[in-house]
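Remarks on the structure that follows.
Bear in mind that the values here come from a model prediction, so they are computed numbers and not experimental data. Side chains included, hydrogens not; waters and symmetry mates left out as well; all remaining heavy atoms used.
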Amino acid sequence: MTCIKAIAFSALLVVSGFTAAQDAPQQLRSIPLTAGMHVIQAEVAASPQERAIGLMHRKSMPANNGMLFVFESAEPQCFWMKNTLLPLSIAFIDDAGQVVNTADMKPMDETSHCSSKPVRFALEMNQGWFAKRGVKAGSKINGQPWPR
């Protein structure tokens, strides 16, 4: 009986540790991107788990920082704001680094915001960042994953 309790307790610790890790902001490697003369420091969420957590649980983000979501193939992509405390704007970006469309998203809202056509990338920034800098459909984001 003691062995069974120890196994159950160990399993509970593993599950609790996994849950706690998801309740905190993740820190990912970052890359520089540019939108015209504006420099962005973008954390890269490339794995399914990194993309699922995204910018959840963050209370603030520096003005020119964001998160670049990288997908394996170009498909219609949709985002929501579950467990995301910050108001964000998102730009859906094609393989050439061209913005397809943008959307503003409310904190803690489960409304879907989708790309208007298949994309491999999405860039989240503080809400209003794209509008304030004139970044819209047709604008170019330059940086690593795209050819220059």
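In this structure, the side chains of Ile40 and Met125 come closer than 4.5 Å at one or more pairs of heavy atoms. Ile141 has its side chain within reach of Val135: a pair of non-hydrogen atoms, C-beta onward, lies under 4.5 Å apart. With a 4.5 Å cut-off on side-chain heavy atoms, Val99 and Phe130 do not count as touching.
Residues passing the salt bridge (Lys or Arg N to Asp or Glu O under 4.0 Å) test with Glu72, sequence neighbours excluded: Arg51.
For the residue pair Ser47/Gln49, the side-chain donor-acceptor check at 3.5 Å is not satisfied. Judged by distance alone, the side chains of Ser30 and Gln41 do bring a donor and an acceptor atom under 3.5 Å apart.
With rounding to the nearest 0.5 angstrom, the CD atom of Glu75 is 9.5 Å from the OG atom of Ser115. Atom NZ in Lys106 sits 8.0 Å away from atom NE2 in His113 (nearest 0.5 Å).
Taking all atoms of both residues into account, the shortest heavy-atom contact from Val100 to Ala137 is O-CB, 3.3 Å. Minimum heavy-atom separation, Gln127 to Met105: NE2-O, 3.0 Å. When every heavy atom of Ile93 is checked against every heavy atom of Leu123, the shortest pair comes out as CD1-CB, 3.8 Å. Shown here for Pro25 and Arg58, the closest heavy-atom pair between the two residues is CB-CG, 3.6 Å.
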Practice task
Could you go through the side-chain contact (heavy atoms from CB on, under 4.5 Å) check for Phe121 and Asp94 one step at a time?
Solution key: CA-CA 6 Å; Phe121 307 97; Asp94 67 16; over 6 Å; no
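No donor-acceptor distance shorter than 3.5 angstrom exists from the side chain of Arg120 to the backbone of Ala74, with no hydrogens or angles considered.
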Output a table of donor-acceptor pairs, distance under 3.5 Å, between side-chain atoms of residues 78-92 and any protein atom two or more places apart or on a different chain; print 'none' if there are none.
residue, atom, partner, partner atom, Å
Thr84, OG1, Lys82, O, 3.3
Ser89, OG, Asp104, OD1, 2.5
Ser89, OG, Gly128, N, 2.9

For residues 59-70, run the donor-acceptor check on the side chains, cut-off 3.5 Å, and write out each pair with its distance to 0.1 Å, sequence neighbours left out.
residue, atom, partner, partner atom, Å
Asn64, OD1, Trp129, NE1, 2.9

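The existence of a salt bridge linking Arg29 and Glu50 is excluded, since no basic side-chain nitrogen approaches an acidic carboxylate oxygen closer than 4.0 Å.
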